[in-house]
Amino acid sequence: MLGSLLLCALGSGLARKLLLNQLPASAVDARLLLSTLPLDADAKRRALVALDARAPLVTAPLLSAAQCVAVRKWAAPRIDTRTLDSVDGVPEQQVTV
């Protein structure tokens with residue numbers, strides 16, 4: 001579930017920090033991350049119920065560490081940090097693939 005939250009939270013500074021620094025999901029307080037997401041009250045309530053269930057975290061890496069490095073090397077020079085994100089107003093840090 002936390003992986004899905006991270007994908008939804010790309011606009012939050014916390015999610016960006018996790019993803020860009022390749023920190024493990026266990027390095028973040030899930031409730032803090034949840035508080036940064038633009039979710040309606042029902043979605044947040046369901047997420048909190050899931051957090052309280054203490055279900056095991058299952059992850060499936062999509063890319064190897066070497067592949068992640070290659071993607072970052074390709075993307076880094078193509079990112080225009082002068083463009084501000086329309087949601088949170090910080091630099092977009094994204095590139096069209």
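No experiment lies behind these values; they were computed from the predicted model shown.
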Query raised in the report: Can you list the residues that meet the side chain to side chain contact (heavy atoms under 4.5 Å, CB included) rule with Arg31, with sequence neighbours excluded?
Result: Asp29, Leu48, Leu51, Asp52

Query raised in the report: Side chains of Arg46 and Val49: closer than 4.5 Å at any heavy-atom pair?
Result: no

Query raised in the report: Do you know the tightest heavy-atom contact between Leu39 and Lys44?
Result: CB-CG, 3.7 Å

Requested in this report: With sequence neighbours left out, write down each residue that passes side chain to side chain contact (heavy atoms under 4.5 Å, CB included) with Ala70, or none if nothing qualifies.
Outcome: none

Query raised in the report: So which heavy atom on Asp42 is nearest to which on Arg45, and how close?
Result: OD1-NH2, 2.9 Å

Query raised in the report: More than 12 non-hydrogen atoms from neighbouring residues, nucleotides or ligands closer than 6.0 Å to CZ on Arg82, yes or no?
Result: no

Query raised in the report: Which pair of heavy atoms, one from Ser35 and one from Leu32, lies closest together, and at what distance?
Result: OG-O, 2.6 Å

**Report entry** Test side chain to side chain contact (heavy atoms under 4.5 Å, CB included) applied to Thr83 - qualifying residues, sequence neighbours left out
**Finding:** Asp80, Glu92

